[in-house]
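Here's the structure, in structure tokens; my notes come after.
For this chain, numbers begin at 1 and follow the sequence in order. Start at 1 and go down the list; that is how both ligands and their atoms are numbered.
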Amino acid sequence: MKKKMSLPMQILIALILGIVVGLVCYFAGLGDFTKNYLKPFGDIFVNLLKFIVVPVVLLSMIDGILSMDDMRKVGSVGIKTVAYFMVTTAIACVIGLVFANIFNGAGLFPTLNPEEAVYEASEFSGFMSVLVGIFPTNMWKSFTDANMLQVIVIALFFGGSIMAAGEKAKLARDIVSSFYAVIEKLMEFIISLAPIGVFTYMAWVVATQGSKILVTLLLVIVCAYLGYIVHAVVVYSLSAKIFAGMNPLQFFKGAFAAMIFAFTSTSSAATLPVSKECAHELGAEDDIASFVLPLGSTINMDGTAIYQCVATVFIASCAGMHLTIGQMIIVVVTATLASIGTAGVSGAGMIMLAMVLEALGIPVSYIGLIVAVDRIFDMGRTCLNVTGDIACSLCVTKWESKKRS
Ligand code: ASP
């Protein structure tokens, strides 16, 4: 029997085909065709992923907690995970700022008139209300709104309580693991459709985003992508090598399917099923990956942090502002927090950029300067976000196994 082609290979071919078809359509003036007839298939695929993301996060986290079967292990995994996320995100901010300042200093950023930018940003309501908002008042509403931070809190509470209830909660345990098995099968099926999503989205992006604005902002985009690449090569390679004891090439090869999928779907949450598969293949322990990945897809956004730093420096320069060291420290802190608050869905990082700009006193409507090409930024930042989650799951697996031995 002929061996079936592996999923990463299928995704790679879909990506290349998508680029080729997109270029052909671009030059043939068929951008609308890709928008009207190809993109909808990508949308169907992303809808399917979105529809399972709440049960995946909920069940995966509860199942992960129950498999650890020890609240101390949950605590230790939780602390390591959050520490890894915070440190790598802060490094990402510094990398983003370094590149943005090099580009800005060399006069490579275009000067646009910010007064022409029109963008309606929603008011940022302050840190304390964000904190309060993490705790749900109505569980079902958290599910229907797909409010992932709240879903994580619900998972933590239920996981802990089922464990605390001991023998009496046996039925609840069995229900979780049984439903999780069902969801895993459904995920497998939906993931097998990934090449269709990658192909159709890629063709659409290539055929429709080649506009003038892209050329104007090209160097800002290049700056962000350099930051993404350096962060991936330095931080994740070192994480893989030093902490997870793995050859970086092997790491990127294993994470490839999730990276490409994130790149095209621009949603960490939607990529979750693929990241789980990759982390498993790379040797992450299942209970740890079940805990780390859903959390990461919600709060760990290194790519978003880099993007927010680059965008802030660019927008500030258009507004005639030159950021001082003190203001840059504010950018690092607010961009780290803003990236944590960014939902793992398409375009969320741009919405949270408002928080960073507000902290610096820059009008948030200036986000309008980059809104047209946000998807291009988003592709790279989501790819990085997801890679960071997988790297973390491997590092924590290693740290926990060292503790045991
Ligand atoms: N799209 C990104 C993600 O899902 C979030 C963002 O817009 O920065 O990871």
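Among protein heavy atoms, the minimum distance from atom 9 (O) of ligand 1 is reached at Ser268 OG, 2.4 Å. Ranking protein heavy atoms by distance to atom 7 (O) of ligand 1, first place goes to Gly349 N, 2.7 Å. Distance from atom 2 (C) of ligand 1 to its nearest protein heavy atom, with residue and atom name: Thr382 OG1, 3.3 Å.
When each atom of ligand 1 is checked for a heavy atom of Gly347 under 4.0 Å away, the hits are 7 (O). When each atom of ligand 1 is checked for a heavy atom of Arg381 under 4.0 Å away, the hits are 6 (C), 7 (O), 8 (O). For ligand 1, the atoms closer than 4.0 angstrom to any heavy atom of Ser267 are 4 (O). Close approach of ligand 1 to Thr304 (heavy-atom distance below 4.0 Å) involves ligand atoms 5 (C), 6 (C), 8 (O). When each atom of ligand 1 is checked for a heavy atom of Thr266 under 4.0 Å away, the hits are 1 (N), 4 (O). Proximity to Thr342 (heavy-atom distance under 4.0 Å) selects the following atoms of ligand 1: 5 (C), 6 (C), 8 (O).
In this structure, the separation between CD on Gln150 and CD1 on Ile134 is 8.5 Å, given to the nearest 0.5 Å. The distance from the NE2 atom of His231 to the OH atom of Tyr236 is 3.5 Å, given to the nearest 0.5 Å.
Under a 4.0 Å N-O distance rule, the pair Asp374/Arg381 qualifies as a salt bridge. Using a 4.0 Å cut-off between a side-chain N of Lys or Arg and a carboxylate O of Asp or Glu, Lys39 and Asp32 do not qualify as a salt bridge. Checked for salt-bridge contact, Lys73 and Glu285 meet the test: a charged N lies under 4.0 Å from a carboxylate O.
Residue Ala348 has at least one N or O atom closer than 3.5 Å to an N or O atom of ligand 1. For ligand 1, none of its N or O atoms has an N or O atom of Met350 under 3.5 Å away. Considering backbone and side-chain atoms alike, Ala343 places every N or O at 3.5 Å or more from each N or O of ligand 1.
Not close to ligand 1: Ala270, with no non-hydrogen atom less than 4.0 angstrom away.
Contacts with ligand 1 closer than 4.0 Å are made by side-chain heavy atoms of Met301 only, the backbone lying farther away. Contact annotation for Val386 and ligand 1: no heavy atom of the residue comes within less than 4.0 Å of the ligand. Only side-chain heavy atoms of Asp378 come within less than 4.0 Å of ligand 1; its backbone N, CA, C and O stay farther off.
Of the options Thr336, Asp302, Val235, a side chain to side chain contact (heavy atoms under 4.5 Å, CB included) to Ile91 is made by Val235 and by none of the others. Ser297 pairs in a side chain to side chain contact (heavy atoms under 4.5 Å, CB included) with only one of the listed residues (Thr271, Ile152, Leu272), which is Leu272.
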Working note: Tyr201 + Asp43, criterion side chain to side chain donor-acceptor pair (under 3.5 Å); need CA distance, chi angles, decisive distance, verdict. CA-CA 8 Å; Tyr201 265 8; Asp43 290 342; 2.5 Å; yes
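Phe261 has its ring centre less than 6.0 Å from the ring centre of Phe45.
Within 6.0 Å of the NZ atom in Lys80, the count of heavy atoms belonging to other residues, nucleotides or ligands exceeds 12.
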